[in-house]
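Read through the structure below, which is laid out as structure tokens, and then see the notes.
Note that the structure is a prediction, hence the values are computed from the model and not measured.
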Amino acid sequence: MRHQRTRTCGELRIENATEKVVLNGWIQAIRDHGGLMFIDLRDRYGFTQVVVDPARLPQVNELGPEWVIAIAGEVRARPADARNAERSTGEIEVVADDIEILNGTKVPPFEITDDCRTREELRLEHRYLDMRRRPVLANMELRSRLNHTIRSSMMEQGFMEVETPILMKTSPEGARDFLVPSRVHPGQAYGLPQSPQLFKQTLMVAGIDRYFQICRCFRDEDLRADRQLEFTQLDVEMSFVRQEDVFLVMERVMARVWKDIAGVSVAAPFPKLSWEESMARFGSDKPETRCSLECFDFSARAAQSTFRVFAQAVAKPQGTVRGLVIPGGASLARKPIDDAEVVAKTYGAGGLAWVKLTPEGPQGTLARFLQPEDLTALAEAGAKTGDLVVFTAGRFEAALTALGQVRLHFARHLNLIDTSQTHFLWITDFPMFEWNEEEQRFEAKHHMFTAPTSELPEPGADISHIKASLYDLVVNGNEIGSGSIRIHRPEVQAKVFAHVGLTAEQAADKFGWFLRVLEYGAPPHGGIALGVDRIAMLLANAASLRDVIAFPKISNGTCLMTQSPSAPDEKQWRELNLRPN
RNA sequence: GGGGACGUGGCGCAAUUGGUUAGCGCGUCGGCUUGUCACGCCGAAGGUUGCGGGUUCAAGUCCCGUCGUCCUCGCCA
């Protein structure tokens, strides 16, 4: 190239008038007035208007949108009536002395404009064009600043970044692993990390007492708007700590991130809510607390009810009936209530009982079953004339999960969420184990290295009530992180394996190396992992993780730009001792 | 694996109850144009209505199947 840029397209101001400059960039638009042409030149930093006299520079007539050019010329203050207050460079223009064509282009499959509304498929197939658009570029810049802010805060707090392997030992526990077949060891494979969990714990045993890493993790599960096959995690682990120490570190990071990137001041320490209380009040382990609606317990009245669904539900072990008052809901049409029932059923409830408290008396599915004492109980729960009350029945977690989703349904429908607020909170004291109906055994709710908050009973005893030093970080109803204090004593670890049905041999085969690590003076330790993509998504106010990932995969797990995954050729299969079928 | 939504020139959309030659904007191509900034004006090209079958005198529209995309339940320690 003859003309290499001396300035970017975003920086020239009126003070630069009369300077000779060279700009490089892409043509955003050409406005052809015959004897005079304007070119908006774009690069990562902005737009600058170039004025061209086509009689002097006839090559301008060849140009089109998205051609790559170099402009050599002089900065000039625009005539007073031709200034553009909308643009930072709108007071000046560059008068072209020379135009060098650096590259032409095919006609782009969609227009490269900020507000272009085109199929996401097409945008992702041509992500390099999509990324020229300001909104996409802005999200990429946001992520870059986010990473920088996180690293700064972690380094300032004395943490050390250590990289851990991508090729590691596979484990059938938890999410499905991506497998990488070994060429050298026929029949064997590495697994890609679902997280660097055991490596970071090993680093604690190694004495790296404050570790962090911004790392890529992989889970071979179905995708969602907020779940990708590969995602980025802020992985943190600390030695000689209790959970409050982890909270303190992460609160500093989050407060700094929200301040620097969103300009929002958040108060620390963040409120803490036990899992049980969060479930009981909000019907969720990631409660949207910017909506004040809370669930209440109707079990005592339900036991007396002539409504058989209620009476039967509470007669079962762990059975409960929970209600939720929707203020002003008595005036709701049938549609949103029917929709709410669909929501409840989708999340596993048998149905949604409801009653409208109208001036004419109770109306709805539950109305004819209500006794005077029931109405008193509803009044005590805060229900007034004009309100709607909805109920779900079932086991504690099931009934409340469904009701929690119904709560969100009405909160959105009635605009009851104060989106001007930012609510961070910690959810603590999760159950340690979860019953897996399919496999008829308990399994770890988080992972098997989480420490219980109390002594574990002998294997075989009921462990459904055991709580773990397990915590989630929630912001505005989104789970953005999860962590725990870990087990650092081998005998406790062995007991946990026994409770989830792993024999000593199985445990040794899968995690034996790590059990040996624990035997060499493992310090008490704990940590957390935050979803960086999700944080970026929230900060960018994006609806999908794809919006904050440079080259994301679509919901079927393919990359539209590179057409991955693809079929390896025969030779590659052979080298891996595998055969395509 | 289940449920829902969508699929019409390159892009975004329209097309009444099934009814004439499938329209509009943007883009593209050609022409005009000296102060625009989503420049403007004139003109042109561009369609197997995702694909396959069916119903009908007649299908973009109705039915069945299929493919694709998105959302979602399951799944995600």
Discussion item. Tell me if the side-chain of A:E120 makes a donor-acceptor pair with the base of B:rU69, cut-off 3.5 Å, by modelled atom types.
Written reply: no

Fill in: Side-chain N,O (A:R119) to OP1/OP2 (B:rC11) below 4.0 Å
yes

Discussion item. Just N and O in the side chain of A:R31: are any of them under 4.0 Å from OP1 or OP2 of B:rU36?
Written reply: no

Worksheet entry | Base-pairing assignment for B:rU34 (Watson-Crick or G-U wobble, both under 3.5 Å) | none

Discussion item. Rounding to an integer number of angstrom, what distance separates B:rA44 and B:rU34 when you compare their C1' atoms?
Written reply: 27 Å

Discussion item. What's the closest nucleotide to the side chain of A:T558 if the choices are B:rU69, B:rU28, B:rG35?
Written reply: B:rU69

Worksheet entry | A:S555 or A:D115, whichever maps to the more 5' nucleotide of RNA chain B | A:D115

Practice prompt. Verify whether the ring centers belonging to A:Y471 and A:F430 lie closer than 6.0 Å.
Written response: no

Discussion item. In whole Å, I'd like the distance from the CG atom of A:D220 to the C1' atom of B:rC76.
Written reply: 11 Å

Fill in: Pair partner, B:rU17 [Watson-Crick or wobble, under 3.5 Å]
none

Discussion item. Measuring to OP1 and OP2 of B:rG68, would you say a side-chain N or O of A:N556 lies under 4.0 angstrom away?
Written reply: no

Discussion item. Can you say whether a donor on the side chain of A:R219 sits under 3.5 Å from an acceptor on the base of B:rC76, or the other way round?
Written reply: no

Practice prompt. Report, as yes or no, whether the 6.0 Å neighbourhood of atom CG on A:N556 holds more than 12 heavy atoms from other residues, nucleotides or ligands.
Written response: yes

Discussion item. Once you measure the plane-to-plane angle for A:F396 and A:W275, does it fall in the parallel (<30°), tilted (30-60°) or perpendicular (>60°) bin?
Written reply: tilted

Practice prompt. Measure from the side chain of A:E121, starting at C-beta and using heavy atoms only, and say which of B:rU69, B:rU36, B:rC26 lies closest.
Written response: B:rU69

Practice prompt. Under 4.0 Å between any heavy atoms, over every strand shown, what does A:Y347 touch: base, sugar-phosphate, or nothing? Just pick one.
Written response: sugar-phosphate

Discussion item. With no hydrogens and no angle check, just 3.5 Å: does a side-chain donor-acceptor pair link A:D177 and A:T170?
Written reply: yes

Worksheet item: Roughly how many Å is it from CG in A:L223 to P in B:rC70, rounded to a whole number?
Response: 9 Å

Worksheet entry | Check: B:rG74 base within 3.5 Å donor-acceptor of A:D222 side chain | yes

Practice prompt. Searching all strands shown, indicate the nucleotide that pairs with B:rA44 (Watson-Crick or G-U wobble; both distances under 3.5 Å).
Written response: B:rU28

Item to complete: Would you please confirm or rule out a distance under 4.0 Å between OP1 or OP2 of B:rC73 and any side-chain N or O of A:T346?
Response: no

Worksheet item: Are A:F38 and the base of B:rU36 stacked, counting only ring centres nearer than 5.5 Å and planes tilted under 30°?
Response: yes

Discussion item. Just the rounded figure in Å: distance from P of B:rC71 to CG of A:L545.
Written reply: 10 Å

Practice prompt. Quick one: sort the A:H409 and A:H413 rings into parallel, tilted or perpendicular, breaks at 30° and 60°.
Written response: parallel

Worksheet item: Taking atom P of B:rU36 as reference, at what distance in whole Å does atom CD of A:E91 sit?
Response: 17 Å

Worksheet item: Quantified in whole Å, what is the C1' atom distance between nucleotide B:rU33 and nucleotide B:rC42?
Response: 11 Å

Discussion item. Nearest to the side chain of A:A29, heavy atoms from C-beta on, is which of B:rC39, B:rC11, B:rU69?
Written reply: B:rC39

Item to complete: Looking only at side-chain atoms of A:P65, point me to the closest of B:rU28, B:rC75, B:rC37.
Response: B:rU28

Worksheet item: Quick one: does A:E93 reach the base of B:rG35 with a side-chain donor-acceptor pair under 3.5 Å?
Response: yes

Practice prompt. Give a yes or no on whether A:K286 atom NZ has more than 12 heavy-atom contacts from other residues, nucleotides or ligands under 6.0 Å away.
Written response: no

Worksheet item: On a whole-Å scale, what distance lies between the P atoms belonging to B:rG19 and B:rC32?
Response: 45 Å

Worksheet, complete the sentence: From NZ of A:K286 across to P of B:rC76 the rounded distance in Å is 14 Å

Worksheet item: For A:L192 and B:rC76, what is the distance between atoms CG and P respectively, to the nearest whole Å?
Response: 18 Å

Item to complete: Could you measure between the two P atoms, the one in B:rU69 and the one in B:rA58, and give it in whole Å?
Response: 35 Å

Item to complete: Remember a base hit wins even if backbone is also touched, and classify A:E443 as base, sugar-phosphate or nothing at under 4.0 Å, heavy atoms.
Response: nothing

Worksheet item: Quantified in whole Å, what is the P atom distance between nucleotide B:rG43 and nucleotide B:rA38?
Response: 25 Å

Worksheet item: Among side-chain atoms of A:Q228 and A:D533, is any donor-acceptor pair under 3.5 angstrom?
Response: no

Discussion item. Walk me through whether A:R176 and A:D222 qualify under salt bridge (Lys or Arg N to Asp or Glu O under 4.0 Å).
Written reply: CA-CA 10 Å; A:R176 198 174 293 114; A:D222 288 356; 5.7 Å; no

Discussion item. Does A:P79 reach a base, just sugar-phosphate, or nothing at all? Heavy atoms under 4.0 Å.
Written reply: base

Could you pull out the protein-nucleic contacts involving nucleotides 3-5 of chain B (nitrogen or oxygen on both sides, under 3.5 Å)?
none

Worksheet item: Ring of A:H33 versus six-membered ring of B:rC39: centres under 5.5 Å and planes under 30°?
Response: yes

Worksheet item: Paired with B:rU69 by Watson-Crick or G-U wobble geometry, both distances under 3.5 Å: which nucleotide is it?
Response: B:rA5

Fill in: Euclidean distance for C1', B:rU16 against B:rG52 (whole angstrom)
29 Å

Discussion item. Between B:rU20 and B:rU49, how many Å separate the two P atoms, rounded to a whole number?
Written reply: 15 Å

Worksheet item: Taking the six-membered ring for Trp, are A:F442 and A:W435 parallel (under 30°), tilted (30 to 60°) or perpendicular (over 60°)?
Response: perpendicular

Discussion item. Please report the distance, rounded to the nearest Å, between CG in A:D81 and P in B:rU34.
Written reply: 17 Å

Practice prompt. Return yes if the base of B:rG12 and the side-chain atoms of A:R123 contain a donor-acceptor N/O pair under 3.5 Å, otherwise no.
Written response: no

Worksheet item: Quick one: A:L122 CG to B:rU69 P, roughly how many Å, whole number?
Response: 14 Å

Worksheet item: Should A:R227 be listed as having a side-chain N or O under 4.0 Å from OP1 or OP2 of B:rC73?
Response: no

Worksheet item: Looking at A:F47, does the NZ or CZ of A:R87 lie under 6.0 angstrom from its six-membered ring centre and within 45 degrees of the ring axis?
Response: yes

Worksheet item: When rounded to the nearest Å, what value does the distance between C1' atoms of B:rC26 and B:rU66 take?
Response: 33 Å

Discussion item. Would you call the rings of A:F218 and A:F178 parallel, tilted or perpendicular, taking 30° and 60° as the class edges?
Written reply: perpendicular

Practice prompt. Looking at every strand, decide which applies to A:R534 at a 4.0 Å heavy-atom threshold: base, sugar-phosphate, or nothing.
Written response: nothing

